Every structure is written in structure tokens, then in C-alpha cells.
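These notes are about the structure you will find just below.
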Amino acid sequence: PGPSRWMRMALAASLLLAVGAAGITWNMNRGWDSVEAYVADHYRHDGYSMLEQANNATAGDVQRILAAVDMEAAPALANIVGVIKYCPTPDGKGVHMVLNTQDGPVTVIYMPETPVTDRETLHFDNVEAVLVELERGSAAIIGAEQQQIADVYSIVQSSIVPAG
């Protein structure tokens, strides 16, 4: 009974490890066909729930999370972030933020390695997304269609910059 018990435990541990690794791999690279598909999928998965979270991020939280992807935020952006966390992007780990603007909350998804067509506009689920080409990577700004996001575009484009 001794060796068979150890074999069962080893098999269970191996299975658990394999399922966990597969889940992480799937979550970090779902194989989206396009940036447009990724933005819509990610916002549907996470965007609405993040808009409902408490706005308790600090400028220090913003800098710490962006530093993990070798970026930093200018104060114009860091001071209006209410919620921030890591998220999967088409090309690896990115950052998902909710900005507190005068027109209401606006979502920004930073994609460190994903090229986009600057100012391309997407529409889905009664929201509008504007893509932003950055010095390194890109971002998607997502808000209600009636919101004016031109001011947010300028802040995002000039405020998410390489660290250092």
C-alpha cells in the first residue's frame, strides 16, 4: 500500500500542476484574432466589474504596477487612477486602469507589446474604444459613447512612458 499511495499523491500533484500551468498559459494568451477582439473580450470579462470597484488606488500603486512592465505614469494620469491591476494582453502582461474623469469613469488598458493603429475607434456593447499608439506599446481608452474622450487621449498618450 505504501508505494501506491505515493504514486497516487504524485499523480494528483502532477495533474494539479498541469491544470494550473494550462490555466495560466490560457489566461495570458487566449489567442485573440485581433486587437479589436481582445479589447471587446477583455472589457466584457473585466471592464464592467472594475467600474464598480472602490476608487482607492494611489499614485504610488499606479507607479508600482506600471514599473512591473518597465513603464511609469506622469502625475496627470497617476492622480486620476481609481482602480488598477495587471491583466493579460495579446502579447503578454498588461495593465488595466479605471480613470476618474469629470465625465465619469473611463477604462484604459495598457498593452506593452501590442501595436495598434493610432486613434482607431471601435464600438461594442454601447461603449467606444479609441486605440492609442505609445512610445512603447499601446493603450485602449474605453468609455460611454456619449463621453468626450479626446482629453483622456492626450493624457494617456503623454503620461504612459518608459521608466527612467
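Here the structure is a predicted model, which means the values were calculated and not measured.
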### Message
Closer than 3.5 angstrom, by distance alone: can the side chain of Glu133 be matched with the main-chain N or O of Pro115 as a donor-acceptor pair?
### Response
no
### Message
Closer than 3.5 angstrom, by distance alone: can the side chain of Asn79 be matched with the main-chain N or O of Pro75 as a donor-acceptor pair?
### Response
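Pair found, side chain donor or acceptor close to backbone of Pro75.
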Can you tell me how far apart [atom1] ([X]) and [atom2] ([Y]) are? Round to the nearest 0.5 Å.
X	Y	atom1	atom2	answer
Ile65	Ile84	CD1	CD1	4.5 Å
Ile80	Ile155	CD1	CD1	4.5 Å
Asn55	Met50	CG	CE	10.0 Å
Leu131	Ile141	CG	CD1	9.0 Å
Gln157	Ile160	CD	CD1	10.5 Å

Does the side chain of [X] reach to within under 4.5 Å of the side chain of [Y], using non-hydrogen atoms?
X	Y	value
Val95	Met71	no
Glu113	Thr89	no
Val106	Ile142	no
Arg136	Asp70	yes
Gln53	Val98	no
Leu77	Leu99	yes
Tyr43	Asp125	no
Arg119	Tyr153	yes

Tell me the closest heavy-atom pair linking [X] and [Y], and the distance in Å.
X	Y	result
Thr114	Ser138	O-OG, 2.5 Å
His96	Thr107	NE2-CG2, 3.3 Å
Val81	Met97	CG2-SD, 3.9 Å
Ala73	Val62	CB-CG1, 3.9 Å
Tyr38	Pro88	OH-O, 2.8 Å
Lys93	Pro112	O-CG, 3.2 Å

### Query
Any Lys/Arg nitrogen of Arg64 or Asp61 sitting under 4.0 Å from an Asp/Glu carboxylate oxygen of the other?
yes
May I ask whether [X] and [Y] are part of the same hydrophobic cluster, defined by side-chain heavy atoms of I, L, V, M, F, W, Y residues being less than 4.5 angstrom apart, directly or through others?
X	Y	value
Val116	Phe124	yes
Leu134	Val161	no
Met111	Leu122	yes

### Query
Under the side chain to side chain contact (heavy atoms under 4.5 Å, CB included) criterion, do Ile109 and His42 qualify, and how do the steps go?
CA-CA 9 Å; Ile109 301 171; His42 185 76; 3.3 Å; yes
